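Structure below; questions to follow.
The shown structure was predicted, so the numbers you read here are calculated from the model rather than taken from an experiment.
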Amino acid sequence: MAMLTALSRSLGNQCLQRSKYGHSLPRNHLLHQTLRTLILESASSESVKLRRLPDSDSGIVEVNLDRPVARNAIGSDMLRGLQHTFEAIDKDSSAKVVMICSSVPKVFCAGADLKERKKMTASEVQSYVQCLRSTFSFIEALQIPTIAVIEGAALGGGLEMALSCDLRVCGEDAILGLPETGLAIIPGAGGTQRLPRLVGKSVAKELIFTARRISGRDAVSIGLANCCVPAGEAHAKAIGIAREINEKGPIAIRMAKRAINEGLEMDKESGLELEEDCYAQILNTKDRLEGLAAFAEKRKPRYIGE
């Protein structure tokens, strides 16, 4: 219980302390690289592990779920690992794209750890669900793009975690669903809010009311997933997408995400004003000038995030 309270408080503080327009930019590259390594390595845990891709893929970060004994079910330890991991990523200004993957074959995440849940009091369950909801909201609020790589089952809290990401890439063996009503509860970590925003109110109600599970291809057809590839190829597809994003101007990507996410919660006129504000953040950047120069010189741009 104490862990859940501390976890919720930590997440709340991070959200309050976050800069409005982005991370501060590094003044010393070597110092930045050292701090970056220390931050990411200290965030690693037994069930949630970070991996930074090297060389030309620098900037792509993988978060690997690794709890094979429980099919990546989210218990208190994994929840703490997720929170620490994403707080670390949020502090790392060199991270440009995040991929959430599974190291466990044939499962992305089976949802909450119901064996652990059974031992909780009603008050402890409420605190756990609040922390899970806050963690997924924190993932959603990251300023950089997030991609859920789904092979196998993504159920309950596992699907809710994927819903908090910007993009979802599925293998053909993916099984997605929110089975909570079959347990006489409701999706409590964002599922009732994020699913209808993706697939529409009527389809979301059907999936939640019936607790039906759908395939990766069906997920694409209703707009729940961005693409579905042959089983075992979701990671390769997601890497390809991440590389495309990684090549773009990082400040522009952050501003585009902000304009889309916040704009969708406004009326169109307010959204257009937000777009204007986001565009203004880009006008005086070195990256914008580099993009123009690279276009004129017919070469690949070298963006530095400034």
(message) Test your reading of the model: is there a side-chain donor-acceptor pair from Asn226 to the backbone of Arg168, 3.5 Å cut-off?
(response) yes
(request) Determine, stepwise, if the pair Glu233 / Lys237 fulfils salt bridge (charged side-chain N to carboxylate O under 4.0 Å, His left out). (result) CA-CA 6 Å; Glu233 296 182 16; Lys237 177 67 175 178; over 6 Å; no
(message) Side chains of Ser76 and Glu116 only: does a donor on one sit below 3.5 Å from an acceptor on the other?
(response) yes
(message) For a quick test of reading the model, state the closest non-hydrogen atom pair linking Ala211 to Gly182 and the distance between them.
(response) CB-N, 4.4 Å
(message) Grouping I, L, V, M, F, W and Y whenever their side-chain heavy atoms are under 4.5 Å apart, do Ile150 and Leu163 come out in a common cluster?
(response) yes
(request) May I ask you to test the Arg117-Tyr128 pair for a side-chain heavy-atom distance under 4.5 Å? (result) yes
(request) Following the transitive rule for hydrophobic clusters with a side-chain heavy-atom cut-off under 4.5 Å over Ile, Leu, Val, Met, Phe, Trp and Tyr, establish whether Val48 and Ile89 coincide in one cluster. (result) yes
(message) Quick check: is Leu195 connected to Ile175 through a chain of hydrophobic side chains (ILVMFWY, heavy atoms under 4.5 Å apart)?
(response) no
(message) When you compare the side chain of Val149 with that of Ile100, does any pair of heavy atoms fall below 4.5 Å?
(response) no
(request) Please round to the nearest 0.5 Å and tell me the distance separating atom CD of Gln126 and atom CD of Gln130. (result) 5.0 Å
(request) Please test Glu124 against Lys119 for salt bridge (charged side-chain N to carboxylate O under 4.0 Å, His left out), starting from the C-alpha separation and ending with a verdict. (result) CA-CA 9 Å; Glu124 288 171 339; Lys119 301 174 184 177; over 6 Å; no
(message) Could you check whether any side-chain N or O of Asn72 sits under 3.5 Å from a backbone N or O of Arg67, counting only pairs where one atom can act as donor and the other as acceptor?
(response) yes
(message) Do Ser127 and Val125 make a side-chain contact, defined as non-hydrogen atoms from C-beta onward lying under 4.5 Å apart?
(response) no
(message) Surrounding CG of Asn284 (heavy atoms of other residues, nucleotides or ligands, distance under 6.0 Å), is the total greater than 12?
(response) no
(message) Are Leu176 and Cys170 packed together at the side-chain level, in the sense that at least one heavy-atom pair is separated by less than 4.5 angstrom?
(response) yes
(message) Quick check: closest heavy atoms across Ala73 and Met78, and the distance to 0.1 Å?
(response) O-SD, 3.8 Å
(request) Please tell me if the side chains of Pro187 and Ile208 come closer than 4.5 Å, counting only heavy atoms from C-beta onward. (result) yes
(request) Spell out, as yes or no, whether a donor-acceptor pair under 3.5 Å connects the side chain of Lys257 to the backbone of Leu142. (result) yes
(message) Quick check: closest heavy atoms across Val107 and Ala110, and the distance to 0.1 Å?
(response) CG2-N, 4.0 Å
(request) Check the pair Glu160, Arg194 against salt bridge (charged side-chain N to carboxylate O under 4.0 Å, His left out), reporting the backbone distance first and the verdict last. (result) CA-CA 8 Å; Glu160 288 178 301; Arg194 295 188 178 99; over 6 Å; no
(request) Return yes if some donor-acceptor pair links the side-chain N/O of Ser164 with the main-chain N/O of Ser137 below 3.5 Å, else return no. (result) no
(message) Donor-acceptor check, side chain of Arg213 to backbone of Gly177, threshold 3.5 angstrom: yes or no?
(response) no
(request) Decide yes or no for Glu172 and Cys228: does some side-chain heavy atom of the first lie under 4.5 Å from some side-chain heavy atom of the second? (result) yes
(request) Would you confirm whether Asn246, through its side chain, and Ser58, through its main-chain N or O, come within 3.5 Å as a donor-acceptor pair? (result) yes
(message) Using 0.5 Å steps for rounding, measure from the CG atom of Leu274 to the CE atom of Met266.
(response) 4.5 Å
(message) Does any part of the side chain of Ile245, heavy atoms only, come nearer than 4.5 Å to the side chain of Ile253, both counted from C-beta?
(response) yes
(request) State plainly whether one hydrophobic cluster holds both Val169 and Leu53, where clusters connect Ile, Leu, Val, Met, Phe, Trp and Tyr through side-chain heavy atoms under 4.5 angstrom apart. (result) yes
(request) Measure the CG-CZ distance between Leu79 and Phe136 for me, rounded to the nearest 0.5 Å. (result) 7.5 Å
(request) Tell me whether Ile144 is reachable from Ile139 by hopping between hydrophobic residues (I, L, V, M, F, W, Y) whose side-chain heavy atoms are closer than 4.5 Å. (result) yes
(message) Using side-chain heavy atoms (C-beta onward) and a distance below 4.5 Å, is Leu65 in contact with Leu82?
(response) yes
(message) Tell me if a side-chain donor or acceptor on Lys49 pairs with a main-chain N or O of Asn64 at a distance below 3.5 Å.
(response) no
(message) Rounded at 0.5 Å granularity, tell me how far NZ in Lys286 sits from CD in Glu306.
(response) 4.5 Å
(request) Mind checking the OH-CZ spacing from Tyr279 to Arg288? Nearest 0.5 Å is all I need. (result) 6.5 Å
(request) For Lys248 and Glu244, indicate whether the former's side chain and the latter's backbone hold a donor-acceptor pair under 3.5 Å. (result) yes
(request) Looking only at non-hydrogen atoms, find the nearest pair between Phe138 and Phe86 and report the distance. (result) CE2-O, 3.4 Å
(request) Examine the side chains of Arg71 and Ser102 and answer whether a donor and an acceptor come within less than 3.5 Å of each other. (result) no
(request) Taking all heavy atoms of Gly305 and all of Pro250, pick out the closest pair and write down the distance. (result) CA-CG, 3.5 Å
(request) For Ser134 and Cys131, indicate whether the former's side chain and the latter's backbone hold a donor-acceptor pair under 3.5 Å. (result) no
(message) Is it true that, when you exclude Glu297 itself, more than 12 heavy atoms of the residues, nucleotides or ligands shown sit nearer than 6.0 Å to its CD?
(response) yes
(message) Is there a side chain to side chain contact (heavy atoms under 4.5 Å, CB included) between Glu62 and His235? Walk through the geometry before answering.
(response) CA-CA 10 Å; Glu62 286 189 359; His235 186 269; 2.6 Å; yes
(message) Whether the side chain of Glu290 engages the backbone of Arg302 through a donor-acceptor N/O pair (distance < 3.5 Å, no angle test) should be reported.
(response) yes
(message) Pair Thr135, Ile74 - check side chain to side chain contact (heavy atoms under 4.5 Å, CB included), show working.
(response) CA-CA 12 Å; Thr135 301; Ile74 306 172; over 6 Å; no
(request) Would you give the length of the straight line joining atom CD1 of Ile186 to atom CD of Glu180, rounded to the nearest 0.5 angstrom? (result) 8.5 Å
(request) Apply side chain to side chain contact (heavy atoms under 4.5 Å, CB included) to Ile214 and Ser221, showing your working. (result) CA-CA 11 Å; Ile214 62 173; Ser221 72; over 6 Å; no
(message) Minimum heavy-atom separation for Ala294 and Lys300, please, with both atom names.
(response) CB-C, 4.2 Å
(message) Does Phe108 form a side chain to side chain contact (heavy atoms under 4.5 Å, CB included) with Leu159? I'd like the steps, not just the answer.
(response) CA-CA 9 Å; Phe108 174 71; Leu159 180 54; over 6 Å; no
